[in-house]
Amino acid sequence: MSSIHRRLLVLLKSCSTTPSVRNTKPLHALTITLGPKPNQPIFLYNNVVSLYASFGEILSARKLFDTMPDRNVVSFNTIISAYSRCGYAEEAWSMFLDMRNCGFRPTPITVSGLLSCDLLNICEGIQLQALAVKNGLLFADAFVGTALSGFYSRHGCLSESVCAFEDMPRKSIVTFNSMISIFGQHGFAEYSMVLFRELVRMEVPLSRYSFVGVLSGVLSERDLEIGEQIHGLVIKNGFDYNVLVVNSLINMYVKCSGIRPAVKMFEEVPARDVVSFNTIIGALVKSEKLERVVELFLRMSMDGVLPNHTTFAHVINSCAGLQNLMCGKSIHAQIIKNALECDVVVGSALVDFYAKCDNRED
DNA sequence: TTAGGGTTAG
């Protein structure tokens, strides 16, 4: 191995320990210095493409991919998954066609990467399913089947999603969590619970997503008992310190038993993030307890939790309801500081706020 | 020795 390749490997190692665009650029520069010679280690190029993609620098990733002197299956899988993650379904599909034209056989990673693209159309997904069945890709691991069931669910095809799940020769904890969540999101809390119980009986260690999934369907007063049972299991399994699970529980109490028990839970938990605050703030707005919204917003900043567009939209709506021009204007200043004035939801809330405060010009 | 799945508020 030449000294320049050794230097590349050292840079690559530093990129993987502290990944950043700043660290990736010198690595990229060195690959350019090497020139388009044959026998270049594709491995290094793949890593740089992957690093750019992981920072959302999809154009840089593609540019480098195009200049690579040689490519392998991993190169194609990296760029296809990068496009899929960013929602560029057409580009992902076009790279998939290029891959096949270059004589590479799609792997489970190619197919699951494409199927997990939010905007992949139904015809292409069905073609991928046929290809996966024909090539036995569902037997390799649980990724393709899980992605397929998620793909059908996103397109509103619940029965196809369930079929994909049931036909899977290999299922993982993620497959179960995903299906539990799909049932919940489609309003089938009882099926979600049946699958969750099956998972418990299998005695595999539950993950935080198992609880998030099953709680996503527990949304009405009649489900409160189920919600409380899940709460018990959360504690039993030691997830009551996990902010993601705790937020799902707070949301469940908001939906099933109203603001009081939800606030009680919110006050008792060891840690809160922006979603915990937004859940309670959203519930306070709905029940028209607008003064408390502003109080909670102030407490949020005292606790060092940064507001986001959801928080600002709720708080501005409360100021509009209270017709409190002074308070709203000061929140507006913070919105500008956070560069959220052009956010469509926040911006619309501001327009509504000024109109309700008879301040048409602003 | 590089590529892949489940996530709460709105």
Side-chain angles (χ1 to χ4, degrees), chain A residues 8-9 12-13 15-16 41-51 53-54 61 65 71-85 95 99 104 106-117 137 140-151 153 165 168 170-182 184-185 199 206-216 218-219 242-252 254-255 262 266 272-286 307-314 317 343-346 349:
Chain A
L8 276 164
L9 281 173
L12 183 61
K13 209 171 170 192
C15 273
S16 50
I42 303 176
F43 164 76
L44 287 168
Y45 279 90
N46 288 346
N47 273 279
V48 184
V49 172
S50 171
L51 281 165
S54 69
F65 176 89
R71 299 177 190 93
N72 62 13
V73 175
V74 176
S75 326
F76 277 99
N77 283 347
T78 306
I79 199 78
I80 288 170
S81 296
Y83 275 131
S84 292
R85 263 199 313 274
M95 292 313 295
M99 175 187 188
F104 292 109
T107 71
I109 297 179
T110 325
V111 176
S112 56
L114 282 161
L115 283 171
S116 57
C117 179
L137 300 182
D141 52 38
F143 280 73
V144 174
T146 308
L148 188 64
S149 130
F151 160 79
S153 160
F165 172 79
M168 276 176 74
R170 299 180 69 164
K171 296 186 181 80
S172 69
I173 173 83
V174 177
T175 317
F176 273 88
N177 291 346
S178 170
M179 200 65 233
I180 287 169
S181 191
I182 287 169
Q185 283 155 14
L199 195 58
L206 299 173
S207 82
R208 55 195 179 142
Y209 298 112
S210 317
F211 290 102
V212 170
V214 73
L215 284 167
S216 73
V218 185
L219 296 169
N242 185 289
V243 74
L244 192 74
V245 177
V246 160
N247 287 344
S248 295
L249 281 171
I250 295 172
N251 184 47
M252 182 274 290
V254 165
K255 302 278 162 55
F266 173 86
R272 296 161 204 93
D273 68 3
V274 63
V275 177
S276 334
F277 274 92
N278 288 350
T279 308
I280 296 296
I281 286 175
L284 289 171
V285 173
K286 261 194 194 123
N308 64 13
H309 61 286
T310 305
T311 326
F312 282 122
H314 281 320
N317 284 335
D343 178 276
V344 67
V345 180
V346 177

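Computed from a prediction, not measured in an experiment: that's the story for all the values here.
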Could you give the NE2-to-P distance, from A:His309 to B:dA9, as a whole number of Å? 12 Å
With A:Thr110, which residues qualify under side-chain hydrogen bond (donor to acceptor under 3.5 Å, both in side chains), at least two apart? A:Asn77, A:Thr107
Base, sugar-phosphate, or nothing for A:Ser50, non-hydrogen atoms under 4.0 angstrom? sugar-phosphate
Using a cut-off of 4.0 Å on non-hydrogen atoms, how would the nucleic acid contact of A:Thr78 be classed: base, sugar-phosphate, or nothing? sugar-phosphate
Between A:Ser181 and A:Ser178: side-chain donor-acceptor atoms closer than 3.5 Å: no
Select one nucleotide: of B:dG10, B:dT2, B:dA3, the one nearest the side-chain heavy atoms of A:Phe43. B:dT2
Roughly how many Å is it from CG in A:Leu215 to P in B:dA9, rounded to a whole number? 11 Å
Could you check whether A:Ser276 gets within reach of a base, just the sugar-phosphate, or nothing at all, counting any heavy atom under 4.0 Å? nothing
Does a distance-only test, which skips hydrogens and angles, find a donor-acceptor pair under 3.5 Å between the side chain of A:His314 and the base of B:dG10? no
Under 4.0 Å from OP1 or OP2 of B:dA9: is there any side-chain N or O of A:Asn251 that close? yes
Return no unless some side-chain N or O of A:Gln185 is found under 4.0 Å from OP1 or OP2 of B:dT8. yes
Separation of A:Ile173 atom CD1 from B:dT7 atom C1', in whole Å? 14 Å
Indicate, with a heavy-atom threshold strictly under 4.0 Å, whether A:Val212 touches base, sugar-phosphate, or nothing. sugar-phosphate
Report which part of the nucleic acid A:Ala283 touches: base, sugar-phosphate, or nothing (heavy-atom distance under 4.0 Å, all strands). nothing
Euclidean distance, atom CG of residue A:Leu148 to atom P of B:dG4 [Å, nearest integer]: 19 Å
With side chain to side chain contact (heavy atoms under 4.5 Å, CB included) as the test, would you mind laying out the steps for A:Met99 and A:Val73 before giving the verdict? CA-CA 8 Å; A:Met99 175 187 188; A:Val73 175; 4.0 Å; yes
Name the nucleic acid region contacted by A:Arg272, choosing base, sugar-phosphate or nothing; use a 4.0 angstrom heavy-atom cut-off, strictly under. nothing
Below 3.5 Å, does any donor atom in the side chain of A:Asp141 face an acceptor in the base of B:dG5, or the other way round? no
Evaluate the criterion side-chain hydrogen bond (donor to acceptor under 3.5 Å, both in side chains) for residue pair A:Asn308 and A:Thr311; output intermediate values, then yes/no. CA-CA 5 Å; A:Asn308 64 13; A:Thr311 326; 3.1 Å; yes
Should the side chain of A:Thr146 and the base of B:dG5 be counted as holding a donor-acceptor pair, with the cut-off at 3.5 Å? yes
From B:dT2, B:dT8, B:dA9, nucleotide with atom closest to A:Thr279 side chain: B:dA9
Residues at least two apart in sequence or cross-chain that pass side-chain hydrogen bond (donor to acceptor under 3.5 Å, both in side chains) with A:Ser75, listed by chain then number, are A:Asn46, A:Asn72
Just call it for A:Thr110: base, sugar-phosphate, or nothing, with non-hydrogen atoms closer than 4.0 Å on any strand. nothing
Between A:Phe143 and B:dG4, do the rings stack, that is, sit under 5.5 Å apart with planes less than 30° off each other? yes
Quick one: the side chain of A:Ser84 and the base of B:dG4, do they pair up donor-acceptor inside 3.5 Å? no
Of the listed B:dG10, B:dG4, B:dG6, the closest approach to the A:Tyr209 side chain comes from B:dG6
Could you state the CZ-P distance from A:Arg170 to B:dG4, rounded to the nearest angstrom? 19 Å
What contact category does A:Asp273 fall into here, base, sugar-phosphate, or nothing, at under 4.0 angstrom with non-hydrogen atoms? nothing
Which listed nucleotide (B:dT8, B:dG4, B:dG10) is nearest to the side chain of A:Leu244? B:dT8
Looking at B:dG10, B:dG4, B:dT7, which one has an atom nearest to any side-chain atom of A:Ser81? B:dG4
Grab the NZ-C1' distance between A:Lys286 and B:dA9 for me, whole Å please. 10 Å
Less than 3.5 Å apart, any donor N or O on the side chain of A:Ser276 or A:Asp273 sitting next to an acceptor on the other? yes
Nearest listed nucleotide, side chain of A:Thr175, among B:dA3, B:dG5, B:dA9: B:dG5
Quick check on the 6.0 Å ring-centre criterion: do A:Phe76 and A:Phe65 meet it? yes
A:Arg85 CZ to B:dG6 P: how many Å, rounded? 11 Å
Distance, rounded to the nearest Å, where A:Asn177 contributes CG and B:dG6 contributes P: 11 Å
Is there a donor on the side chain of A:Ser172 or the base of B:dG5 sitting less than 3.5 Å from an acceptor on the other? yes
